[in-house]
Enquirer: 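My questions will all concern the structure given below.
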Protein chains: 2
Amino acid sequence: MPGRPKDNTDYLTEVVGEDEDTIDFEIIELLFFAYRDFTGDPDAILEKSGFGRAHHRVVHFVNREPGMTVADLLDTLKITKQSLARVLKQLIDSGYIRQVTGPEDRRQRMLYTTEEGKALARALAEPQSRRIAEALAKTGPGARETVKRFLANMKNAAAD
Amino acid sequence: MPGRPKDNTDYLTEVVGEDEDTIDFEIIELLFFAYRDFTGDPDAILEKSGFGRAHHRVVHFVNREPGMTVADLLDTLKITKQSLARVLKQLIDSGYIRQVTGPEDRRQRMLYTTEEGKALARALAEPQSRRIAEALAKTGPGARETVKRFLANMKNAAAD
DNA sequence: AAAATATGTCAGTTTTGTTGACATATTTTT
DNA sequence: AAAAATATGTCAACAAAACTGACATATTTT
């Protein structure tokens, strides 16, 4: 009963099934710190442009999937349209994103980054990318594949 | 010029060094989705207790490191003390966290979770822990070690 | 023609963060 | 002992980013 090790390293995954001390506080915490510092990377650039992290996410995804609609973006970000409206409007007004009426469905607005938008997306991603590259390198060969699979598995299954 | 593959899987790490298209959009995005859904897990429980994600973080860390001081917590969360004050006060008033005057330095307030606080921390961590366990299992043997190392490497070096 | 959909917008609220200023108790330094 | 530094708390104003609810417009589907 006494003398339980304070460090729940590896045996947790195997020993208990769905019982008492199965809680994986360790990785929960590592994820928090990793994400905290990862998202802090672009802050310097964001401050210069006067944007926040919400703008960052919008520019990133529009840049990654040119032509995505407003509905697509809402589904990706999991926020309300009123919430998206403000940052999107600011990005459009500042010339980082432009809208094109959907060619099939003219109710839709397809979103594209401008040249400035592409440059911003790249600048914001750069320090994050460097952090990832360094972390992968330190972790060792094959890390990239494992990490990719793990992160993909952490995501909710697509609803469709 | 044309026909560049849309998918930047593995060669990115090797081929280019610090050049043009080195940006690792793929893992940046996987991290976003993983964290988005991971942090969404406890929302149902948080809604019931009337707390938000800020409260979650506080309860989590106090629970993990009993006796930590307010300064420790501020350093962990990287927020201002005024910002912490509100959620911490609510948690103390609701009986989830209690303060004890530091035995060495009586200016300090050591923080502890109450029994209710421990239960809350556990309940909040449970779905997250399950998600992690499932993701690791799907990823394959050895994933846990690699993921742990990667996440730890993603964190900023401790300032000290 | 009616209903549904995609988007936009107005108005008000909440959560979570910020800055700046100042108060109190306690410890450390001079 | 007095002065300075430190740990915490608190007041007040403000900002970013989310939320809800309601309603308008254009377009497509039924």
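Protein chains get the first letters and strands the later ones, always in sequence-line order, with residue 1 at the start of each. Note: hydrogens, waters and symmetry copies are ignored here, and every other heavy atom, side chains too, is used.
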Enquirer: To the side chain of B/Gln108, which of C/dG17, D/dT10, D/dA7 is closest?
Expert: D/dA7
Enquirer: Quickly work out the B/Leu88 CG to D/dA7 P distance and round it to whole Å.
Expert: 17 Å
Enquirer: Rounded to whole Å, please give me the gap between CZ in A/Arg36 and P in C/dG17.
Expert: 13 Å
Enquirer: Using Watson-Crick or G-U wobble geometry with both distances under 3.5 Å, which nucleotide pairs with D/dT28?
Expert: C/dA3
Enquirer: Any ion pair linking B/Arg131 and B/Glu134 (charged N to carboxylate O, less than 4.0 Å)?
Expert: no
Enquirer: Rounded to whole angstrom units, what separation is found between the CZ atom of A/Arg86 and the P atom of C/dC10?
Expert: 12 Å
Enquirer: In a check of side-chain hydrogen bond (donor to acceptor under 3.5 Å, both in side chains) between A/Glu126 and each of A/Gln128, A/Arg130, A/Arg122, which one passes?
Expert: A/Arg130
Enquirer: Do the side chain of B/Arg36 and the main chain of A/Thr76 share a donor and acceptor less than 3.5 angstrom apart?
Expert: yes
Enquirer: Just by protein heavy atoms under 4.0 Å, how would nucleotides 20-30 of chain D read 5' to 3' in B, S and -?
Expert: BBB---BBS--
Enquirer: Quick check on C/dT16: is either OP1 or OP2 less than 4.0 Å from any side-chain nitrogen or oxygen of B/His55?
Expert: yes
Enquirer: Measure CG/B/Leu91 against P/D/dG9 and give the value in whole Å, please.
Expert: 13 Å
Enquirer: Any strand is fair game: report the nucleotide pairing with C/dT9 by Watson-Crick or G-U wobble, both distances under 3.5 Å, or none.
Expert: D/dA22
Enquirer: If you look at every strand shown and take non-hydrogen atoms under 4.0 Å, does A/Arg53 touch a base, only sugar-phosphate, or nothing?
Expert: sugar-phosphate
Enquirer: Taking CD from B/Gln90 and C1' from C/dG17, how many angstroms apart are they, rounded to a whole number?
Expert: 14 Å
Enquirer: Are B/Tyr96 and B/Phe51 close enough that their ring centers fall under 6.0 Å?
Expert: yes
Enquirer: Quick one, A/Ser129 and B/Thr22 - any side-chain contact, counting heavy atoms below 4.5 Å?
Expert: no
Enquirer: Take B/Phe61 and A/Phe32 through the test ring pair (Phe, Tyr, Trp, His ring centres under 6.0 Å) and record every step on the way to the result.
Expert: CA-CA 11 Å; B/Phe61 282 109; A/Phe32 170 80; 5.1 Å; yes
Enquirer: Would you call the rings of B/His56 and B/His60 parallel, tilted or perpendicular if under 30° counts as parallel and over 60° as perpendicular?
Expert: perpendicular
Enquirer: Hey, which sits more toward the 5' end of DNA chain D by its nearest nucleotide, A/Gly50 or B/Asp72?
Expert: B/Asp72
Enquirer: What is the distance from CG of B/Leu74 to P of D/dA7, rounded to the nearest Å?
Expert: 11 Å
